[in-house]
Amino acid sequence: MTEQFDMFLRQLRHVVPAQRLITDLSRRMAYSTDASFYHKLPQLVVQVAALAELQQLLRLARQHNIALTFRAAGTSLSGQAISDSVLVMLTRDWQNHEILANGAYIKLQPGVIGAHANQALLPYGRKIGPDPASINTCQIGGIAANNASGMCCGVKHNSYHTMAGIRFVLTDGTCVDTADEASVNAFRSSHHELLDGLAQLAEEVRENTELAAAIASQYRLKNTMGYGLNALLDYHDPVAILSHLLIGSEGTLGFIADITYRTVALPQTSATGLYLFPDSHAACAIIPQLKEIGVEAVELMDDRALASVASLLQRHSQVQPEPGAVALLIDIGRDDRAALQLAERAINDCFKTLDAEVLALCPFSSDPATIQALWQIRKGLFPAVGAVRASGTTVVIEDVAVPLEALPLAVNALQQLLVSFGYHEAIIFGHALDGNVHFVFTQAFDSVNEIQHYARFMDAVAELITRDFNGTLKAEHGTGRNMAPYIYAQWGGEGLAVMRRIKQLLDPEDILNPGVILNDDPQAHLQDLKKLPEVNSTVDACIECGFCEPQCPSLHYTLSPRQRIALMRRAAALEPAERDTIMNDFQHLGIDSCAATGLCATACPVGINTGTWVQQLRAAQAKHPRLASWLAEHQGGTETIARFALRVGAPLSRWQQRRPALPLPAAKTKLSQPHASQKRLVYFTTCPNRVFGTPGQPPLAEVVQRLCQRAGYELILADSPQQCCGQPWQSKGYPQQAQSKQQQLQSYLQQLSEDGRWPVVLDASPCALQLQDSAVYTSYELSEFLYRFVLPELDFKPADEPLLLHVTCSSRRLDQGNALRALAAACSHQVTEPEYIKCCGFAGDKGFTQPELNASALAPLAEQVPENCRFAVSNSRTCEIGLSHHSGSKGEPKVHYQHIAYVLDELCNLSNKEPL
C-alpha cells in the first residue's frame, strides 16, 4: 500500500464506517472476480450506503489519484466490474423504486434487481425495456451502465432509448438530477467548460460526414462497443449528450445514482412456438417477414446448441435435428386473442412460402407452462456448455451483431471459425431479429499456449465481424477488458479519438475504472485471466456467474455461494502463509455462517448446491460423532429436556434483543375423537412443532384435524418423539446419523400409511423436503396438502385485511412456493410477500446460535410489514420464530408469524360462526 493510498484510506475512515471498509485478504479475495474470466485483487472494498458518502469518496479519490471501480451485482461478462485498486459496492440502501404516472414511468435506484422492477410494474401491465438473461440477478446500475438489452428488448427498448431522466455523480462529487430544473441550471453554470467541450465535440462529429455515417451505421445494430457515440448525433443539448453517454459507459465516466425509465406495455396475451429449419439460410430467410408481422422475439439456435439441450427438447418433440439444422423460438404478443390468432396464421403462411421444409418441434402455444418450458430450453444453452466443460477450463461467451441480411453467412462463418480453432463443444444462439448472436465455448488459461490460442481466435473473430460483415464486436455484454484492445478494429482512429476526448473531458485523472473500454495495451485482454482449479466435485462446475447471490441469506453478512467457491479457488494459488490466513477466516465466512439450505441451487444455471459442499466440509470437521449418535438414539428425552428449558428460559429470553425470544414449549396434542372416513392421511408432527409452541394457539395438529374433518378426512396422528427426518444431523455434518434417522422415520411412516395406502403429510416444509423422494408412499408438505385436497372442500370468505407471507427456502425447492402462495391468496385479498428476502437465515437453530445471519437475511422485513397487519404466515416453525423477532425493532415484533393453517382455520370458524 503506497503512502498516497494510506492517506486516502485514513481520510476515508472519517466518511465511511470501519465495518464497511473491507481490507482483510479473505474478503478482498472473495470479491476479486465477477462473472467474467478475469480477476483482480482489490486493495480495498468500500460498501457505500448513501449518496453523500459516494460524493465524498469520489472527491477523495480524485484528490489522491486513487482508481475506483463500481460494481452492482457482478454479473458482468467482460471484466468491467473488477479492480486492483478500490472496488465500490452498494449496500441494501440503494434498492428504492418509485412508480410514476400510473406505471408509465419508474424511477429506480442502482441496487434494484431488474426482475424486482418488473414485479413492481406488473399490476400496471408494464415492464422496463431492458430484459437481459440475468434479469433475476443483475441490478439497474449494471443494466444502465452496460446498456444491457436482452431477448425482447432489441435496440428500441434499451436503457439509452427508454431513459426519461437520470441522476448522476461526476468525479468531483457534483450530483446532477436531470429531472430537477434547478439542479440542471446549477450544473450548466458550474460546469460550463465541460458542457461546452461536449457541445464542441458533438458539432465536430456531425460535421465529419464520414464519421457520422459510420456511427449511424453501427447503431442500426445492437452495439455496446465503446462509448455511445450516437449521443453526439441524437442530441444537441450537452446535458442530454452527457446523460446518454453515461449509458453503456461501464462506470468509466461517472456514477449513476438513479434512472427513470419510460416503461413498455406487456402484451395481454402471447404464444410461443419452436420451429426447425434445415439450415441457417432457410431460418434467416423468414426473419424479415417475422419482423414485419411484429413478433416479440425470435431466438436462433444452431444444431450443436440444440444437441446440448436434447433432454429438454425431447419433452416436446422426438425429432432429431440433422447436422446444420437451425431452430427458431418465436414469441408473439398481442392485446387480444383474435389478434394473436391472426399473427399465428400469418407466420404459418410465411413458412409455406419457403422452399425448405419447416418442422414444428412445438407449435404455437399459449399455455404458460409450455411457454416457460420452451424459454427454459433457450435459457439452458449457456449453462449446458458450462455443465460439461473440462475441469480447469472456463466458459467464454461472446456476442456480436451483424446486419440482418448477413446473419446466415455470419452464423456459418462463425461455426467454421470455431471448428478450425478446435472449439468443437461451441454453440451459437442469439436474438435473430437484431442480427445478434452469442457463441459459447470453453477455454483453459493455464499455459502460454492456451492463452495465445485464445488470442489468435479473438483476432480472427474481430477481423471476421468488422471486415467481412461490418458488424459490431459487442452487441450486449459491454466492452470491458476483453474487447478494449479491439476498439480500433471496429471504430478506426477517428472514432477512438472521439472516445478519448470524452474520457478526458469527464475523467481527466483516469480514476474511474481505468483499463475498461479504453486501454493502450494491445495485450490487455490476455492479462489477469482467472484460473478455475478443482475445489470439490460438488462445486467445480461453478461458472461464477453470481445468479445464486439473491437467494443467499448470508450475502450481506459474510459471503455468497459464488464468493465461497471463488475464495477457495483463488486461495489455491497463494503462498502458504496467505492460504493459512484464508483457511482460518473461511471457518466463519464460508462454513459456520452458511445456512446450507440449498436455495442457491434453484437459481444456479448448472444446479450447484453449495450447501451440500458446506455440509461435506462440516462432516470432515465433525468432532463428536458419538454424542451425535447418542442424541439420535435418545431424541425423545432430548426433546423433553428442551421443552423444560423453554418453559424456564422463555420468559427470561425476552429481555435480550440480539437473539429471537424463545417461545414457550409446545403443549401436548389432544385430538378429538376421529371421524371414520374412507379418506385418511398420516399426519407427522415434526420435531420443531413438537418442541416449539405457537404463541396463543393450540398445537398445530389439533387445527389441522379440524380442517381435515371439514374436508372429510380422518387424521392418523404420528407424533412419536423418537422420530425425525434427520435434517438437523445432516446440516451439522453428521450424515450417517442423519441417514439412520431418516430410514427409521421412513419405516415408521410406511407402517402407519399401510405401505402407501394413505398419503403422509408433514407439518414443516424442511422436513417435507427431506422425505420427498419416498418410493413407498406419497408425501406432502402440509400447505400443499391443504391447498390441493382440503381447500376445495371448505366454505369461507377471504379476509379483507393484509396477510404477510414468507415462502420458506424448502417450499421454494419443493414447488417454487406455488402451493403456499396459492393458499395465501385464498385466505386474503391483500397478500404481501416482502422483497429481497428469499431465505430467513434461521437455518434450523442458527437463529439462536448465530443470530447475525438471521438478522442480516431479514433486515428488509420490518419496513415492509403492512399497517394493521394481523396475519403473518409461513410453514416452518423455526422460521416463524426468527421472522416474528425481526418484524419489528429492538426485539419487539410487529407481528407474530404462524403456520398458515391457523389463519385458514380462523377464517373457516368465522364463516361458520363458530367460537374461536
### Reported CG-to-CE distance for the pair Leu229 and Met499, which is rounded to 0.5 angstrom
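Between Leu229 CG and Met499 CE, I get 4.0 Å after rounding to 0.5 Å.
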#### Entry: Test side chain to side chain donor-acceptor pair (under 3.5 Å) applied to Gln504 and Arg501, step by step
CA-CA 5 Å; Gln504 179 64 28; Arg501 285 179 63 183; over 6 Å; no
Got [X] and [Y] here, is their nearest side-chain heavy-atom distance under 4.5 Å?
X      : Y      : result
Ile82  : Thr69  : no
Val86  : Gln43  : no
Arg27  : Val45  : no
Thr479 : Gln80  : no
His64  : Ile511 : no
Val498 : Leu211 : yes
Met225 : Tyr486 : yes
Pro485 : Asn519 : no

Counting N and O atoms only, with roles assigned by atom type, does the side chain of [X] sit under 3.5 Å from a partner on the main chain of [Y], one being a donor and the other an acceptor?
X      : Y      : answer
Ser85  : Ala67  : yes
Arg28  : Leu44  : no
Arg59  : Asp172 : yes
Asp131 : Met151 : yes
Ser78  : Gly478 : yes
Arg220 : Ser217 : yes
Ser32  : Leu41  : no

### Message
Considering only residues two or more places apart or on different chains, which pairs with a residue in residues 112-158 satisfy ring pair (Phe, Tyr, Trp, His ring centres under 6.0 Å)?
### Response
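Only His116-Tyr836 qualify under ring pair (Phe, Tyr, Trp, His ring centres under 6.0 Å).
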### Query
Which class fits the ring pair His438 and Phe429: parallel under 30°, tilted 30 to 60°, perpendicular over 60°?
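Taking Phe429 first and then His438, their aromatic rings sit tilted (interplane angle of 30° to 60°).
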Taking only residues two or more places apart in sequence or in another chain, which ones pass side chain to side chain donor-acceptor pair (under 3.5 Å) with [X]?
X      : answer
Arg71  : none
Arg262 : none
Gln218 : Gln490
Lys838 : none

### Task
May I have the step-by-step check of side chain to side chain contact (heavy atoms under 4.5 Å, CB included) for Glu398 and Asn482, ending in yes or no?
CA-CA 10 Å; Glu398 288 296 344; Asn482 60 325; 2.6 Å; yes
What is the minimum heavy-atom distance between [X] and [Y], and which atoms define it?
X      : Y      : value
Leu253 : Lys503 : CD2-CA, 4.1 Å
Thr33  : Lys530 : OG1-NZ, 2.8 Å
Leu512 : Thr171 : CD1-CG2, 3.4 Å
Gln139 : Ala73  : OE1-N, 3.7 Å
Cys153 : Pro130 : SG-CA, 3.9 Å
Met483 : Leu473 : CE-O, 3.9 Å

Under the ring-ring contact (aromatic ring centres under 6.0 Å, His included) rule, collect the residues that match up with [X], sequence neighbours excluded.
X      : result
Phe439 : none
Phe8   : Phe5
Phe70  : Phe255

Can you confirm whether the side chains of [X] and [Y] place a donor and an acceptor under 3.5 Å from each other?
X      : Y      : answer
Asp234 : Tyr219 : no
Asn158 : Glu476 : no
His97  : Gln109 : no

### Message
Tell me whether the count of non-hydrogen atoms from other residues, nucleotides or ligands lying under 6.0 Å of CD in Gln19 goes above 12.
### Response
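Result for CD/Gln19: enclosed.
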### Task
Please check if atom CD in Glu204 has more than 12 non-hydrogen atoms from other residues, nucleotides or ligands closer than 6.0 Å.
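Counting neighbours around CD of Glu204, more than 12 heavy atoms of other residues, nucleotides or ligands fall under 6.0 Å, so yes.
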### Task
Please step through side chain to side chain donor-acceptor pair (under 3.5 Å) for the pair Asn513 and Glu250, ending with a clear verdict.
CA-CA 8 Å; Asn513 220 0; Glu250 301 175 29; 5.8 Å; no
#### Entry: Test side chain to side chain donor-acceptor pair (under 3.5 Å) applied to Ser249 and Tyr227, step by step
CA-CA 6 Å; Ser249 65; Tyr227 293 125; over 6 Å; no
Applying side-chain contact (heavy atoms from CB on, under 4.5 Å), can you list everything that pairs with [X], at least two apart in sequence or on another chain?
X      : result
Gln47  : Arg20, Ile22, Tyr31, Thr91
Leu266 : Leu122, Lys127
Gln864 : Pro834, Glu835, Pro860

### Task
Begin with the C-alpha distance, continue with both residues' side-chain angles, and end with the deciding distance and a verdict on side chain to side chain contact (heavy atoms under 4.5 Å, CB included) for Phe168 and Thr174.
CA-CA 8 Å; Phe168 58 86; Thr174 299; over 6 Å; no
Output a table of donor-acceptor pairs, distance under 3.5 Å, between side-chain atoms of residues 237-246 and any protein atom two or more places apart or on a different chain; print 'none' if there are none.
{"from": "Asp237", "atom 1": "OD1", "to": "Arg188", "atom 2": "NH1", "distance (Å)": "3.0"}
{"from": "Asp237", "atom 1": "OD1", "to": "Arg188", "atom 2": "NH2", "distance (Å)": "3.4"}
{"from": "Asp237", "atom 1": "OD1", "to": "Val239", "atom 2": "N", "distance (Å)": "3.1"}
{"from": "Asp237", "atom 1": "OD2", "to": "Arg188", "atom 2": "NH2", "distance (Å)": "2.9"}
{"from": "Ser243", "atom 1": "OG", "to": "Val239", "atom 2": "O", "distance (Å)": "2.8"}
{"from": "His244", "atom 1": "ND1", "to": "Ala240", "atom 2": "O", "distance (Å)": "2.8"}
{"from": "His244", "atom 1": "NE2", "to": "Tyr235", "atom 2": "OH", "distance (Å)": "3.0"}

### Message
Please evaluate residues Leu464 and Val400 with respect to the criterion side chain to side chain contact (heavy atoms under 4.5 Å, CB included), reporting the C-alpha separation (whole Å), side-chain torsions for both, the decisive distance (0.1 Å), and the verdict.
### Response
CA-CA 11 Å; Leu464 177 72; Val400 298; over 6 Å; no
### Query
Per the side chain to side chain contact (heavy atoms under 4.5 Å, CB included) rule, which among Ile143, Thr260, Ile128 passes with Leu108?
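Result: among Ile143, Thr260, Ile128, Ile128 is the only option passing the side chain to side chain contact (heavy atoms under 4.5 Å, CB included) with Leu108.
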### Task
Under the side chain to side chain contact (heavy atoms under 4.5 Å, CB included) rule, what do Leu529 and Tyr38 come out as? Steps first, then yes or no, please.
CA-CA 4 Å; Leu529 296 166; Tyr38 298 96; 3.7 Å; yes
#### Entry: Electrostatic pair Lys474-Asp399, nearest N-O below 4.0 angstrom
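Yes, this pair counts.
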